[in-house]
Amino acid sequence: MEKPTLPKGTRDFGPAVMAKRQFILDAIRKVFQKFGFQPLETPAMENLSTLTGKYGEEGDQLLFKILNSGDFLKDVSAAKLEARNSKQITTDISEKGLRYDLTVPFARYVVMNKHDIPTPFKRYQIQPVWRADRPQKGRYREFYQCDADVVGTDSLTCEAEIILMIREVFQTLRIDDYTIKINHRGVLTGLAELAGAKENQTALFVAIDKLDKIGEEKVKEELLSKGFTEKSIKTVFDILNFQGTTSQKVVFLNDQFTKSESGDRGVSQLSAVLRLLRDYNSDDKHVEFDIALARGLSYYTGCIFEVKINNVSIGSVSGGGRYDNLTAAFGDKENLSGVGFSFGVDRLYDAMEELNLFPKEAQASTKILICHFDEETQRFGLKELSALRAAGIAAEVYPDQAKMKKQLDYANKKMIPYAIVIGSEETKNGFLTFKNMETGDQEKLTVQQIIQKLKA
RNA sequence: GUGAUUGUAGCUCAGUUGGUUAGAGCGCCUGAUUGUGGUUCAGGAGGUCGUGGGUUCGACCCCCAUCAUUCACCCCA
């Protein structure tokens, strides 16, 4: 008999882990709903044609493909088999794949249901996605994303509300030390124009995105090797190295971008978002305008976001941005504009674990355990158990006849904070022994008194 | 796809130049304690040293292969 194992990059979530994950998920879901987002779920698998070509060439390779059922080789020509080119026969033997993110299935859903959904459409979606990456720290092959997107409006209130939602989630989770980095594709384009690198934008963005990771010198090296001139690199870094508050950066860039239409658009939209935050009776706390932030680039066209928790060894825990042609890939002529962002629960979990931020209350499931000495006292306890549950208190009885030690050990293991001990004495006068498992304190109370105490 | 790393008890890890019966801490089980756990004390169970081969009188230790793990690069949540 072989030892069972899990596929690479996947995990079981035991009860202790689930309690903490749900603490995170509940916080996120609650905020999404409070901001008017509605839930959506889509299938784990999509047609491969829905997925391919949406994430670039790299992305296509990271897609998990599902082998066709039955005789999957019957439509493959002998010549193709002979050639042994895996890439060429994948489309013949696989027509489905596991979803790679939640945005593309969402776009597919919007196009398919265009006439039924309200506009603008605000949806949130919390489901696992799969990527055939090599796993490493903070990177899994199966992980959860929590997306919230709005399509059908280009109002910048959406961008402002994304910032508000991120801050509210983090406040609930008691994460204090984090940065919401914000930038705009227009600013990046403007930067490329100033550097005279319109042709080679992608290389520029990929390089400067690594700035805080590998440092200025390495980025310069990379740009030189990609054919950028010393002069244009200097232009780029003169702008990147500007130090100041977010609003100072806005003013500074406004001056730089007098001749760049997209740069100007980017800066004015960013400052509009910041102004909106004040209109919400809020501020730009935790928000940092980072000119070097580039992100995936694949489909973003407006504001882009990324959230990093400080002093942890985890990559970004959230990110997003505005895209103007989400649905175009599915033949939609209207080109709906959308903006959205996503939390990575697994990374949030890792970061919170590293910072020791999970509260104890979030980990206990049962509130109270009923312990007893024999069958008679156990049976007596059952109606008290029902009374507790009727009052909405999570309670359970130790099901077997066992030594008190074993019953209390069980409570400890499940982190149950209270125990009721019922012996023959308790059955006579109705006063139960109510025990606080942490302090060891005990008192004699009726079940009603216990309920009141726990509800208080 | 590229480059490293580690694999010994349920978990975290020791293990001497290659030498007889492979250890510790934590956890687990039993008892001290037939109405009280988390503290203490005493005892106990638990190992194909990842797997397969090779070198050797002799391998946890050296060599080769293989599988798994973790980390970094690319990319990303």
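Lettering follows sequence order; numbering is per chain, from 1. What's counted below: heavy atoms across the whole structure, side chains too, no hydrogens, waters or symmetry copies.
Taking only side-chain atoms of K8(A), from C-beta outward, the nucleotide of U69(B), A77(B), U36(B) with the closest atom is U69(B). Listed nucleotides A72(B), G37(B), U36(B) differ in distance to T433(A); the shortest reach to its side chain belongs to U36(B). Relative to the side chain of F373(A), the nucleotides A72(B), G35(B), C75(B) differ in distance, and G35(B) lies closest. Listed candidates were C28(B), G31(B), C76(B). Nearest to the side chain of K413(A) is C28(B).
Base engagement by V421(A) is indicated by at least one non-hydrogen atom pair under 4.0 Å involving a base atom. Heavy atoms of E425(A) sit under 4.0 angstrom from at least one base atom. Within the nucleic acid shown, S316(A) comes within 4.0 Å of sugar-phosphate atoms alone, with no base atom in reach, counting heavy atoms only. In this structure, Q407(A) reaches neither bases nor backbone, as no heavy-atom distance under 4.0 Å exists between it and the strands shown. Nucleic acid contact for Y140(A): base, since at least one base atom lies under 4.0 Å from a heavy atom of the residue. Among the heavy atoms of the strands lying under 4.0 Å from D409(A) are primed sugar atoms or P, OP1, OP2 only; no base atom is included. As judged by a 4.0 angstrom heavy-atom cut-off over every strand, E426(A) is placed among the base-contacting residues. Residue contacts shown for Q136(A) include a base, since a base heavy atom lies under 4.0 Å away. Using a 4.0 Å heavy-atom criterion, one finds that G440(A) contacts the bases of the nucleic acid, with or without backbone contacts as well. Residue K308(A) is classed as having no contact, given no heavy-atom separation below 4.0 Å to the nucleic acid.
Taking atom C1' in both U8(B) and G44(B), the straight-line distance is 22 Å, to the nearest Å. For C63(B) and C75(B), the P atoms lie 36 Å apart once the distance is rounded to whole Å. Spacing between A45(B) and G10(B) at atom C1', rounded to whole Å, works out to 12 Å. Going from the P atom of C74(B) to that of A68(B) covers 25 Å, rounded to whole Å. Taking atom C1' on both nucleotides, U56(B) is separated from C60(B) by 16 Å, rounded to a whole Å. Nucleotides U66(B) and G47(B) have their C1' atoms positioned 22 Å apart, rounded to a whole Å. U33(B) and G38(B) have their C1' atoms separated by 15 Å, with the value rounded to a whole Å. For the C1' atoms, the distance from C67(B) to G53(B) is 14 Å, rounded to whole Å.
Taking the six-membered ring for Trp and the full ring otherwise, the centers of F170(A) and Y178(A) sit less than 6.0 Å from each other. Centroid-to-centroid, the aromatic rings of Y349(A) and F358(A) come within less than 6.0 Å. Checked against the 6.0 Å centroid criterion, the rings of Y124(A) and F32(A) qualify as a close aromatic pair.
Side-chain atoms of D350(A) and Y140(A) include a donor-acceptor pair closer than 3.5 Å. Looking at S282(A) and R167(A), their side chains do bring a donor and an acceptor atom within 3.5 Å of each other.
Between Y323(A) and Y300(A), the ring-plane angle classifies as tilted under the 30° and 60° cut-offs.
In this structure, Q401(A) places its CD atom 17 Å from C1' of U36(B), rounding to the nearest Å. Rounded to an integer number of Å, the gap from CZ of F434(A) to P of G35(B) is 23 Å. Protein atom CG of L62(A) is 11 Å distant from nucleotide atom P of A77(B), rounded to whole Å. The nearest whole Å value for the distance from the CG atom in N412(A) to the C1' atom in G37(B) is 5 Å.
Remark: E142(A) does not engage R11(A) in a salt bridge, criterion side-chain N to carboxylate O under 4.0 Å. Taking a cutoff of 4.0 Å between a charged side-chain nitrogen and a carboxylate oxygen, K444(A) and E425(A) qualify as a salt bridge. Salt-bridge check for K218(A) with E222(A): failed, with every basic side-chain N at 4.0 Å or more from each acidic carboxylate O. Electrostatic pairing of R141(A) and D133(A) does not count as a salt bridge here, judged by no charged N lying under 4.0 Å from a carboxylate O.
At a cut-off of 3.5 angstrom, counting only N and O atoms as typed in the model, there is no donor on one side facing an acceptor on the other between the side-chain of K405(A) and the base of U36(B). With hydrogens and angles ignored, a donor-acceptor pair under 3.5 angstrom links the side chain of R139(A) to the base of C75(B). Not a single donor-acceptor contact under 3.5 angstrom links the side-chain atoms of R134(A) to the base of C75(B).
At least one side-chain nitrogen or oxygen of K210(A) sits closer than 4.0 Å to the OP1 or OP2 atom of C74(B).
Stacking annotation: F143(A) is stacked on the base of A77(B) (ring centroids less than 5.5 angstrom apart, interplanar angle below 30 degrees).
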Symbol by symbol from the 5' end, with Watson-Crick or G-U pairs under 3.5 Å, [ ] crossing and | another strand, RNA chain B is ((((.((..((((.....[...)))).(((((.......))))).....(((((..]....))))))).))))....

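Annotation: cation-pi geometry not satisfied between K367(A) and Y418(A) (NZ/CZ under 6.0 angstrom from ring centroid, within 45° of ring axis).
Residues meeting the side-chain contact (heavy atoms from CB on, under 4.5 Å) test with K405(A), sequence neighbours left out: D409(A).
Listed in residue order, the members of residues 374-386 of chain A having a heavy atom less than 4.0 Å from RNA chain B come to none.
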